[in-house]
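A short write-up of the structure that comes next.
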Amino acid sequence: MLDDSAAYVDGPWTHRTVNAAGARFHVAELGEGPLVLLLHGFPQFWWAWRDQLTALAEAGHRAVAADLRGYGASDKTPRGYDPLTLALDAAGLIRALGEREAVVVGHGVGGLIGWTAAVHHPEAVRALAVVSAPHPRGALRAFLSGGAGLAHMLRAQLPILPEHRFLADGCVRIGELLRDWSGPGWPGTEVEEQYRKAFAIPKVSHCSLEYHRWILRSRLRPDGLRYSARMRAPVHVPVLQLHGSLDPVCPPPAARAPQGVTTGAYRWRQIPGAGHFPHEERPEAVSEELLAWLAQLGAADAGEDRTHS
């Protein structure tokens with residue numbers, strides 16, 4: 001039995017397990033109203049959205065932050081870390097939570113899942129907000145732009161060694177990575193310790209790196225080529241793209257969605273002074289942008305309802 005107790009952080013939210021897409025997912029849920037599904041990035045877990053959970057709930061939304069496949073207290077399956085499977089996870093979670101659609105918010109690899117779900121499962125994605133997550137069509141440009149992401153991706157391709165490196169000395173490397181990828185002054189000691197404990201959950205180190213191995217190794221494989229071809233289709237739902245102005249992983253000019261990626265309403269916002277984790281480094285600014293965008297979506301929906309009545 002895996003010891004995943006580090007994923008059950010106390011707070012105003014409710015923890016539960018949801019079955020979707022043939023796997024079990026741990027989620028933290030708070031509030032009532034339209035569903036907002038929050039998908040974290042590397043090397044984190046659902047707790048990355050703690051500030052947005054409370055802000056969304058207070059604004060009248062049902063906020064659900066999930067541990068991705070292979071992270072936290074969700075299942076650590078032997079395979080399934082390609083974007084198509086992960087997007088199916090997201091769509092399945094929305095249905096398992098009793099909804100037909102949701103606003104999907106994703107950071108890093110969670111944003112990659114969001115972009116993919118918006119193309120492959122458009123019926124489930126009402127709107128998409130991505131944080132520090134370039135569109136797959138622009139991801140190579142972002143990685144080759146001189147950011148820290150490329151060095152990490154290359155190291156992750158080695159077998160076994162990266163996992164051991166991350167787990168050494170109580171996952172001290174996770175704290176170093178958080179500091180290296182963030183703006184000045186983040187994270188604090190308590191936040192770093194929380195992430196180090198969650199990353200030490202058995203199998204998380206391996207499963208989390210499988211995401212990055214697929215991204216790079218699949219580029220010239222048939223499955224990767226099919227994925228890239230399918231992702232040339234535009235995203236038709238409204239999109240909010242948030243990015244830290246100091247992001248060293250994906251510099252902002254390279255991360256902005258290329259022209260033609262979206263056909264619906266598109267909004268790009270930089271978060272001043274934030275690195276790769278703006279939702280934690282500048283949580284109030286990110287929550288403010290997110291809530292303003294959601295309010296605009298709600299007003300647009302209300303206008304359509306009046307038009308069709």
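Residue numbers start at 1 and run along the sequence shown. Note that this is a predicted model, so its numbers are computed, not measured.
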Residues two or more places apart in sequence or in another chain: which of them pass side chain to side chain donor-acceptor pair (under 3.5 Å) with D4? none
Are L246 and V286 connected in a single hydrophobic cluster, I mean Ile/Leu/Val/Met/Phe/Trp/Tyr linked by side-chain heavy atoms less than 4.5 Å apart? no
Kindly indicate, with the supporting measurements, whether the criterion side chain to side chain contact (heavy atoms under 4.5 Å, CB included) is fulfilled by L56 and L30. CA-CA 8 Å; L56 287 164; L30 185 65; over 6 Å; no
For A156, is there any backbone N or O sitting under 3.5 Å from a side-chain donor or acceptor partner on R213? yes
Is a donor on one side and an acceptor on the other found under 3.5 Å between the side chain of H135 and the backbone of R137? yes
Shortest non-hydrogen separation from D67 to A73 and the atoms involved: OD2-N, 2.9 Å
Rest of the hydrophobic cluster containing L158 (Ile/Leu/Val/Met/Phe/Trp/Tyr, side-chain heavy atoms under 4.5 Å)? L161
Could you report the tightest heavy-atom contact between H279 and A48, atom names first, then the distance? CD2-O, 3.5 Å
Looking at residues at least two apart in the chain, or sitting in another chain, which of them share a salt bridge (Lys or Arg N to Asp or Glu O under 4.0 Å) with R24? D75
Please list, chain by chain and in numerical order, all residues satisfying side chain to side chain donor-acceptor pair (under 3.5 Å) with W293, sequence neighbours excluded. none
Are the side chains of V131 and I271 in touch, meaning some heavy atoms are under 4.5 Å apart? no
Of L297, V103, L128, L294, which is the lone residue that meets side-chain contact (heavy atoms from CB on, under 4.5 Å) with P238? L297
Decide yes or no for L68 and Y211: does some side-chain heavy atom of the first lie under 4.5 Å from some side-chain heavy atom of the second? yes
Path from W214 to I113 over hydrophobic side-chain contacts below 4.5 Å: yes
Joint hydrophobic cluster, L86 plus F42, side-chain heavy atoms closer than 4.5 Å: yes
For residues H40 and W49, establish whether the separation of their ring centroids is below 6.0 Å. no
Do NZ/NE/NH1/NH2 and the carboxylate oxygens of R100 and E123 come within less than 4.0 Å? no
Can you run down the side chain to side chain donor-acceptor pair (under 3.5 Å) pairs that involve residues 107-116, sequence neighbours left out, and say none if there aren't any? T116-Y227
Residues 166-185 vs salt bridge (Lys or Arg N to Asp or Glu O under 4.0 Å), sequence neighbours excluded, gives R173-E176, R173-D180, R179-E192
Is there side-chain contact between P43 and L177, with heavy atoms separated by less than 4.5 Å? yes
Donor-acceptor pair, side chain of Q157 and main chain of M153, under 3.5 angstrom: yes
If you look at every heavy atom in V27 and A66, which pair is closest and at what distance? CG1-CB, 3.8 Å
Between F199 and S208, is any pair of side-chain heavy atoms under 4.5 Å apart? yes
Please work out whether the ring planes of H26 and W46 are parallel, tilted or perpendicular, with thresholds of 30° and 60°. perpendicular
Name all pairs fulfilling the side chain to side chain donor-acceptor pair (under 3.5 Å) condition that reach into residues 239-256, sequence neighbours left out, sorted by first residue then second. Q241-Y266, H243-D247, D247-H276
Under 3.5 Å: donor-acceptor pair, side chain of E281, backbone of G275: yes
Just jot down the salt bridge (Lys or Arg N to Asp or Glu O under 4.0 Å) partners of R221, sequence neighbours excluded, or say none. D223
Could you list the residues that satisfy salt bridge (Lys or Arg N to Asp or Glu O under 4.0 Å) with R282, not counting sequence neighbours? none
I want to check something: taking the side chain as every heavy atom from C-beta on, are V237 and R126 in contact at a cut-off of under 4.5 Å? no
Closest approach of K76 and C207, non-hydrogen atoms and distance? CB-SG, 3.9 Å
Pairing residues for R226 by the side chain to side chain donor-acceptor pair (under 3.5 Å) criterion, not counting sequence neighbours: none
Can you sort out the partners of Y81 under side chain to side chain donor-acceptor pair (under 3.5 Å), two or more places apart, ordered by chain and number? T77
Give the minimum heavy-atom separation between L112 and A133, together with the two atoms involved. N-CB, 4.3 Å
Is any side-chain N of the basic residue among E210 and R79 closer than 4.0 Å to the acidic one's carboxylate O? no
Suppose we screen for salt bridge (Lys or Arg N to Asp or Glu O under 4.0 Å). Which residues come up paired with E288, at least two apart in sequence or across chains? none
For Y195 together with F45, are the ring centres under 6.0 Å from each other? yes
